[in-house]
Amino acid sequence: MATSQPTSPLDGQFYQAADEFFPANRQIALTYDDVTLATQFSEVLPRDTQLDTTLAEGLALNIPVISSDMDTVTEAGMAIAMALNGGLGLIHYNMSEKQQLSEVDRVKHHVHGLIKEPIQVAPDQFIGDVLKMMEERRFAFSTFPVVDAGGKLLGLLSGHVVKPRYAKRKVADALTPRSQVHTVNVKELAQNPIARADKFFTDHPGIHKLLVVDDNDHLQGLFTMSDVERITQERAAQFRPARDSRFRLICGAAVSATRNMFGELDRKRILAHVSELVERGVDAVAVSTAHGFSKGVGETVKTIRSAFPHLPLLAGNVTSAAAVEYLADCGANAIKVGQGPGSICTTRVVAGVGIPQLTALYVASRAAAGKRVSIIADGGITKSGDIVKALTLAQAVICGGLFAGCPEAPGQIMEINGKLYKQYRGMGSLAAMKAGAAARYGHSSDANRKLAAEGVEALKEVSGSIDNVLTQLIGGIQSGMGYLGAANLVQLREKARYTRVTAAGMREANTHDVVEVRTGA
Ligand code: XMP
């Protein structure tokens with residue numbers, strides 16, 4: 001039973017709730033390191049805290065962390081790792097639309113319980129055709145059910161024969177025949193398909209695929225042992241993978257406010273691309289630009305919203321209440337907040353605009369509450385403590401730099417003076433804009449025109465895997481919540497009490513007067 005909390009009015013005079021603290025500090029814009037949070041009476045152990053967050057109807061995460069839609073941060077590998085950890089990856093748009101679709105495909109096909117629409121092959125195809133399809137669609141698996149034109153199961157094409165040496169053979173000549181393929185009738189799956197498949201694999205050592213058929217022997221799905229094992233293990237984990245209703249990993253994709261050659265919004269093209277993303281099963285689309293409080297972004301959001309009334313839509317970036325209200329009215333469910341806080345951003349230096357992140361988040365959060373939309377803190381996060389502070393106002397955070405050194409981020413590892421690095425560049429850097437991101441910054445994509453860069457090209461030291469980085473970050477968030485006595489993110493927002501810190505306070509907060517022999521990480 002909860003005990004009543006010991007309080008003192010004195011604390012309230014020094015450590016203030018957001019609605020007192022931020023208006024009292026309205027003359028100066030604050031960011032993460034400008035404030036610290038006061039501890040509160042707690043009955044909550046960090047390990048028991050819940051981190052789930054809902055950004056829109058149909059978009060719930062098990063951890064409030066999203067990887068940024070940047071071309072050195074999120075492609076399929078990162079999105080898969082984020083979703084497996086309970087978060088979300090936003091696939092960037094600095095690639096062809098076709099490639100972006102195939103990245104989304106890879107995430108949605110990654111791990112399944114019952115794969116309801118397994119990739120199938122036809123008996124008259126050549127093995128060479130199958131190899132080509134695998135390469136084009138970047139499938140990591142090589143065993144395929146073989147079905148006739150009516151969907152009837154004819155056999156299984158095993159990975160052992162999907163080899164270039166057999167390229168000229170027909171699938172029909174290389175398949176394992178129907179009589180030797182293990183199947184289960186869809187009617188037998190009942191309530192717990194995974195348990196049924198798990199038992200099958202235990203009872204049949206050496207068999208790794210179980211096909212599902214109906215009474216007419218039409219293919220209805222496929223279980224693989226590795227998926228089933230992973231899912232069984234997942235059930236014990238505190239932060240489960242973020243999955244859709246069909247048990248596929250969730251995946252987001254960014255789009256821009258694309259214009260045609262006359263400079264007008266290219267609604268047809270935007271809609272055609274979003275339709276294809278939706279067909280692939282994308283769980284959220286982010287209209288991602290540097291200046292979200294603009295007619296182009298608003299019209300793009302409206303266009304997508306009217307065609308897809310239920311698609312979770314993120315939009316940004318903004319830093320004002322009016323901008324949040326505008327994008328919410330246009331139909332966005334979650335608004336990205338952040339202009340210039342990013343580790344590779346130079347927007348504030350180049351354009352002289354942008355608001356330090358905590359003040360921007362406060363202003364945005366109050367407007368968002370009025371419109372019943374969420375906000376996402378995007379950029380400037382360098383440590384778990386920043387995430388705790390961001391989550392006192394926002395429903396999730398977006399990180400770029402923190403993840404860019406992970407092996408799951410795109411890009412090659414390079415060695416400089418014995419140290420390993422990966423490239424990390426701003427989407428407003430010259431190189432990224434030339435590669436296609438110029439629209440995000442409102443510049444022409446004409447390669448001959450000079451662009452004003454708003455980001456730099458940089459390097460990040462290679463870090464551990466996303467699993468390791470997230471374990472550290474989540475541990476920090478849970479500690480913060482334990483100190484505030486917050487069992488979940490709603491309580492964290494209610495319980496946060498802030499005070500300003502000086503440069504001396506910051507110095508005190510970091511390690512000092514010691515020779516560090518081992519970092520905390
Ligand atoms: P962090 O701090 O996580 O920031 O590295 C990532 C976020 O920064 C934004 N972004 C940019 N902002 N110029 C900018 O002003 C750029 O070139 C740029 N590239 C990315 C973006 O919101 C990202 O999520």
Side-chain angles (χ1 to χ4, degrees), residues 31-33 65-74 78-79 82 87-94 252-254 256 286-293 297 314-319 323 334-358 360-361 364 375-387 389-390 394 396-406 409-411 422-443 451-461 463 466 469-470 473:
T31 192
Y32 299 121
D33 282 347
V65 185
I66 299 172
S67 65
S68 177
D69 52 305
M70 297 172 72
D71 61 5
T72 46
V73 180
T74 310
M78 177 64 75
M82 289 302 298
L88 173 73
L90 292 176
I91 309 272
H92 69 89
Y93 59 68
N94 223 5
S256 71
V287 183
S288 229
T289 67
H291 188 19
F293 194 15
V297 175
L314 281 49
N317 280 19
V318 303
T319 44
I335 319 286
K336 286 161 78 209
V337 176
Q339 287 173 315
S343 56
I344 32 53
C345 301
T346 54
T347 293
R348 293 194 198 151
V349 181
V350 171
V353 303
I355 304 291
Q357 197 64 341
L358 265 188
L361 287 174
I375 59 161
I376 304 174
D378 182 8
I381 301 235
T382 59
K383 48 201 178 297
S384 52
D386 297 344
I387 303 184
K389 292 172 193 175
V397 298
I398 292 182
C399 300
L402 273 183
F403 299 152
C406 295
K422 286 189 91 160
Q423 187 193 26
Y424 179 44
R425 67 184 187 190
M427 294 298 279
S429 65
L430 273 186
M433 286 203 286
K434 283 194 174 144
R440 184 184 187 121
Y441 290 83
H443 290 293
L451 305 170
E454 288 179 35
V456 297
E457 290 164 60
L459 296 175
K460 288 293 285 189
E461 245 186 82
S463 60
I466 271 289
V469 173
L470 280 175
L473 294 179

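In each ligand, atom 1 is the first atom listed, and ligand 1 is the first ligand listed. Residues: numbered from 1 along the sequence shown.
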- request: Using a strict cut-off of 4.0 Å, indicate which atoms of ligand 1 neighbour a heavy atom of D378.
  value: 7 (C), 21 (C), 22 (O), 23 (C), 24 (O)
task: Please confirm whether D69 comes within less than 3.5 Å of ligand 1 when only nitrogen or oxygen atoms on both sides are compared.
output: no
query: Do G428 and ligand 1 have an N or O pair less than 3.5 Å apart?
result: yes
- prompt: For ligand 1, which part of V456 has a heavy atom less than 4.0 Å away: the side chain, the backbone, both, or neither?
  reply: neither
- prompt: Which atoms of ligand 1 sit under 4.0 Å from any heavy atom of S343?
  reply: 1 (P), 2 (O), 4 (O), 5 (O)
query: Touching ligand 1 at all, L402? Heavy atoms, strictly under 4.0 Å?
result: no
query: Is there a heavy atom of Y424 sitting under 4.0 angstrom from any atom of ligand 1?
result: yes
- prompt: Hey, does M70 come in under 3.5 Å of ligand 1, counting only N/O atoms on both sides?
  reply: no
task: Under 4.0 Å, heavy atoms only, figure out whether ligand 1 is touched by the backbone of S429, its side chain, both or neither.
output: backbone
For G401, atoms of ligand 1 separated by under 4.0 Å from a heavy atom: 1 (P), 3 (O), 5 (O)
- line: For I398, the ligand 1 atoms with a heavy-atom partner under 4.0 Å come out as 24 (O)
- prompt: With a 4.0 Å cut-off on heavy atoms, is G338 touching ligand 1?
  reply: no
- prompt: What atoms of ligand 1 come closer than 4.0 angstrom to any heavy atom of S68?
  reply: 23 (C), 24 (O)
message: For T72 and K422, which I'm curious about, is there any donor-acceptor pair between the side chains at under 3.5 Å?
response: no
